[in-house]
Amino acid sequence: VGGVRRGGEGRGRGGGGRRWRAVMAAGDGNVKLGTLGSGSESSSDGSSESPGGAEATAEGGGWAAAALTLLTGGGEMLLNVALVALVLLGAYRLWVRWGRRGLGAGAGEGEENPAGSLPRMKKRDFSLEQLRQYDGSRTPRILLAVNGKVFDVTKGSKFYGPAGPYGIFAGRDASRGLATFCLDKDALRDEYDDLSDLNAVQMESVREWEMQFKEKYDYVGRLLKPGEEPSEYTDEEDTKDHNKQD
């Protein structure tokens with residue numbers, strides 16, 4: 001009876017190992033479940049013995065077959081992942097290529113951005129009437145004024161051109177619209193706008209916009225007040241101002 005108990009305890013302790021080996025070796029049809037015991041079994045006299053040579057060989061073959069099955073399955077999974085990654089990479093490259101073509105292949109090409117084909121504008125001052133001639137529809141060059149300063153924004157034609165989201169400011173004084181974040185015609189004035197009714201926060205916003213335009217676009221002159229005479233700029237002053245911006 002005691003031997004039976006000890007044998008039962010041995011089977012209890014080794015049961016988890018036997019079940020795991022049985023699962024791992026399920027793919028090998030030559031392996032018998034009877035050979036999938038633990039590495040050593042305790043006998044009734046307390047000694048232990050290892051499985052016989054044939055059984056050990058069968059068990060080792062089961063492990064090898066199980067490992068081969070797992071590696072084969074893992075290889076197929078990696079191959080599938082690699083194929084999916086290649087398909088996604090190809091789709092991304094096509095999207096980038098055709099997306100760039102749709103946007104005119106970048107700034108400065110063709111009609112999307114005519115600035116590259118235009119010479120740099122010499123510095124001069126503008127009245128409101130003169131400024132309106134540069135709205136992008138009568139001439140490729142686009143100008144706008146911010147806080148009394150006129151900037152050449154032709155290279156930003158996709159924003160300020162006739163079809164751009166801010167095209168309403170082309171050839172106009174954009175100060176009020178930028179200060180109030182308004183893109184309607186109500187933000188435009190047909191007469192000179194001195195901005196005297198704007199509050200301190202709005203005027204600070206105008207000055208910030210002016211600084212941003214100075215950093216990105218060419219400053220080409222002043223917006224003249226009614227009756228104000230334009231300044232005479234020498235070639236040296238014009239070159240010096242442009243070099244300062246560059």
Apply salt bridge (Lys or Arg N to Asp or Glu O under 4.0 Å) to residues D190 and R172 and explain how you reach the verdict.
CA-CA 9 Å; D190 292 330; R172 306 297 294 261; 3.1 Å; yes
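- In terms of heavy-atom proximity, C182 sits nearest to A187 at O-CB, 3.7 Å.
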Test log, rule side-chain contact (heavy atoms from CB on, under 4.5 Å), inputs Y160 and Y217:
CA-CA 12 Å; Y160 302 103; Y217 300 108; 3.6 Å; yes
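- Among L188, D186, D193, the one residue that satisfies the side-chain contact (heavy atoms from CB on, under 4.5 Å) test with R176 is D193.
- Side-chain atoms of K225 never come within 3.5 Å of backbone atoms of D194 as a donor-acceptor pair (strictly under, hydrogens ignored).
- With a 4.5 Å cut-off on side-chain heavy atoms, R141 and P119 count as touching.
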For E210 and R207, run salt bridge (Lys or Arg N to Asp or Glu O under 4.0 Å): C-alpha distance rounded to whole Å, both residues' side-chain angles, the deciding distance at 0.1 Å, then the answer.
CA-CA 5 Å; E210 177 189 346; R207 286 187 284 270; over 6 Å; no
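- R189 places none of its side-chain heavy atoms less than 4.5 Å from the side chain of D173.
- Looking at every heavy atom in both residues, D125 comes nearest to S231 through OD2-N, 2.8 Å.
- In plain terms, the two heavy atoms of I142 and T154 that are nearest each other are N-OG1, 3.0 Å.
- Linking Ile, Leu, Val, Met, Phe, Trp and Tyr whenever their side-chain heavy atoms come within less than 4.5 Å puts F159 and F169 in one cluster.
- Between L143 and M121 there is a side-chain heavy-atom pair separated by less than 4.5 Å.
- A salt bridge is absent between D218 and K122: the closest approach of a Lys/Arg side-chain nitrogen to an acidic carboxylate oxygen does not fall below 4.0 angstrom.
- Counted within 6.0 Å of OH on Y192, heavy atoms from surrounding residues, nucleotides or ligands total more than 12; the atom is thus considered enclosed.
- Aromatic ring pairs are classed by plane angle as parallel below 30°, tilted from 30° to 60° and perpendicular above 60°; the pair F126 and Y134 is perpendicular.
- Taking the side chain to side chain contact (heavy atoms under 4.5 Å, CB included) definition, one finds that D135 meets it with S137, R138, A170, sequence neighbours left out.
- When all heavy atoms of Q202 and A179 are compared, the pair lying nearest together is O-CB, 3.6 Å.
- Under the side chain to side chain contact (heavy atoms under 4.5 Å, CB included) criterion, Q212 pairs with W209, not counting sequence neighbours.
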Between L223 and L128, does a side-chain contact (heavy atoms from CB on, under 4.5 Å) hold up when you go through it step by step?
CA-CA 7 Å; L223 181 62; L128 280 175; 4.1 Å; yes
